[in-house]
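Proteins come first, then strands; the chains are lettered A, B, ... in the order of their sequence lines, and each starts at number 1.
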Number of protein chains: 2
Amino acid sequence: MTTRAEATRARLQSAALDLFEQRGYRAVTVEEIAAAAGVSHMTFFRHFPTKERVLLDDPFDPVIAAAVAAQPAGLPAIERVARGLLSLVPLLDQEPTASARRGIAIAAREPELQAGMAANTAATERAIVEAASLPGGEQGMRVAAAACLAAVTTVLFAWALEGTSRTIGALVAEAVTTVVPALADAPVPAFAGATP
Amino acid sequence: MTTRAEATRARLQSAALDLFEQRGYRAVTVEEIAAAAGVSHMTFFRHFPTKERVLLDDPFDPVIAAAVAAQPAGLPAIERVARGLLSLVPLLDQEPTASARRGIAIAAREPELQAGMAANTAATERAIVEAASLPGGEQGMRVAAAACLAAVTTVLFAWALEGTSRTIGALVAEAVTTVVPALADAPVPAFAGATP
DNA sequence: GAACAGATGTTAGTGACTAACACTTGAGTC
DNA sequence: GACTCAAGTGTTAGTCACTAACATCTGTTC
């Protein structure tokens, strides 16, 4: 069931993506996005708290957190996070990635939006720590999550910007094994959790 | 020699820090900072491009980049960055840290400022890649730099927020060895490069 | 068709940031 | 001391992201 609000939200997102690609993020005003979607600027801000959130909408947190939590608790934090991310690789390659790539490519070109992606990362980091950390081991898990997510973000930018034909999954795997080289040889079982 | 511009800039920074601590970053306007420093808001923007940059001023990039570049080029990227950061630990504990801690503590409490710190991190990342990467190995070095810097940023936040009595250096060492556990046992020679 | 709630519009702000232009201050020159 | 020149600063008038308060519309339910 698609409610009216969901339809408006989708129109806003689509219009924003088009306009950003045509003229750049900075040059497009919220007014223009709203007008292109046939609504007022107030309606824009009821659906997205800031201009940048129309582009950086990341519903993946719970999946990632669950994948990390599913790894053996006895491992060092960094390896646990790395293996959790690796287990998501097959799932990543199934997802529709065209619009995600458009959004990330725009973000990768604008420094202020890269800061916005960092906010996403911080949220994902919190989700991982809450889902997976052992009592007393929070700091280590937080550090490990931050490190791995930063690595993944880096390759996502490269993926969106360069004309790489490789899949997201392959690049994420490369990022993770850059951080934990030992995982390059040891295959990790795919994560069987629910899709978002 | 202290020029007039430098004095104004220092007054603005000092006034901003005081006001932010008293009433929170959001609640303080640029007008108020400028007034407290005895100048107009335009003068503020001539010294700092944005409100957040008055707080997040990070001159450490070249030192970090040099420390990483000084590590053996044959190592895996992640280990090279990690060892570079570890070599800076003694230097970190020498630096005056009081005002740095004040600034980071304010940033750690405000999500929008954490995004700003991410911008700093991105700049440091570029500096590392440019100084240290081998031809063809850029992507791996970029990923490694992002991962290690994110780990360090995480402990810096913890350091500034909690009443930890431990030194910055000790916490940075802990962050790095969380990312590369193998380095916990192998001591790394101190970096002898110039201070900023 | 009346009532009600969710969705949207209008209006009037605040505050970060920019551009253009005028003014002041200080160091060196004659 | 008046003169010059540039760096530093002020004034003014904007644009745009974002907020608050209140009015209106639209679809659903009874």
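- Atom pair B:Glu31:CD and C:dT18:C1' shows a separation of 14 Å (rounding to whole Å applied).
- Across the protein-nucleic acid pair, A:Phe45 atom CZ and D:dC16 atom P stand 12 Å apart, rounded to whole Å.
- Regarding B:Arg53, its CZ atom lies at a distance of 16 Å from the C1' atom of C:dC17, rounded to whole Å.
- Of the two residues near DNA chain C, B:Val28 and A:His47, the one whose nearest nucleotide lies more 5' is A:His47.
- Atoms NE2 (A:His41) and P (C:dT10) sit 10 Å apart, rounded to a whole Å.
- In this structure, the CD atom of B:Glu6 is 16 Å from the C1' atom of C:dG26, given to the nearest Å.
- Taking the ring axis of B:Trp159 as reference, the NZ or CZ atom of B:Arg101 stays within 45° of it and closer than 6.0 Å to the ring centre.
- Going from atom CZ of A:Arg4 over to atom P of D:dT24 covers 17 Å, rounded to whole Å.
- When each of A:Arg26 and A:Met42 is assigned the nucleotide of DNA chain D with its nearest heavy atom, A:Arg26 is the one assigned upstream, toward the 5' end.
- Contact annotation: side chain of A:Arg46 to base of C:dG9, donor-acceptor pair present below 3.5 Å.
- Contact check, A:Thr8 against C:dT8: a side-chain N or O comes under 4.0 Å of OP1 or OP2.
- One atom, CZ of A:Phe44, and another, C1' of C:dT10, lie 19 Å apart when rounded to the nearest Å.
- Rounded to whole Å, the distance from CD on B:Glu52 to P on D:dA17 is 17 Å.
- Ionic pairing of B:Asp57 and B:Arg9 is present here: one or more N-O contacts between side-chain nitrogen and carboxylate oxygen are shorter than 4.0 angstrom.
- For B:Thr43 and D:dG10, the shortest distance from a side-chain N or O to OP1 or OP2 is below 4.0 Å.
- Within 3.5 Å, no donor on the side chain of B:Arg9 pairs with an acceptor on the base of D:dG8, nor the reverse.
- Under the 6.0 Å distance and 45° angle rule, B:Lys51 does not count as a cation-pi partner of B:Phe44.
- Scanning both residues, B:Ala144 and A:Thr178, for their nearest heavy atoms gives N-CG2, 4.3 Å.
- Base contact: A:Ser40 has a heavy atom under 4.0 Å from a base atom.
- Minimum heavy-atom separation, B:Glu125 to B:Ala146: OE1-CB, 3.6 Å.
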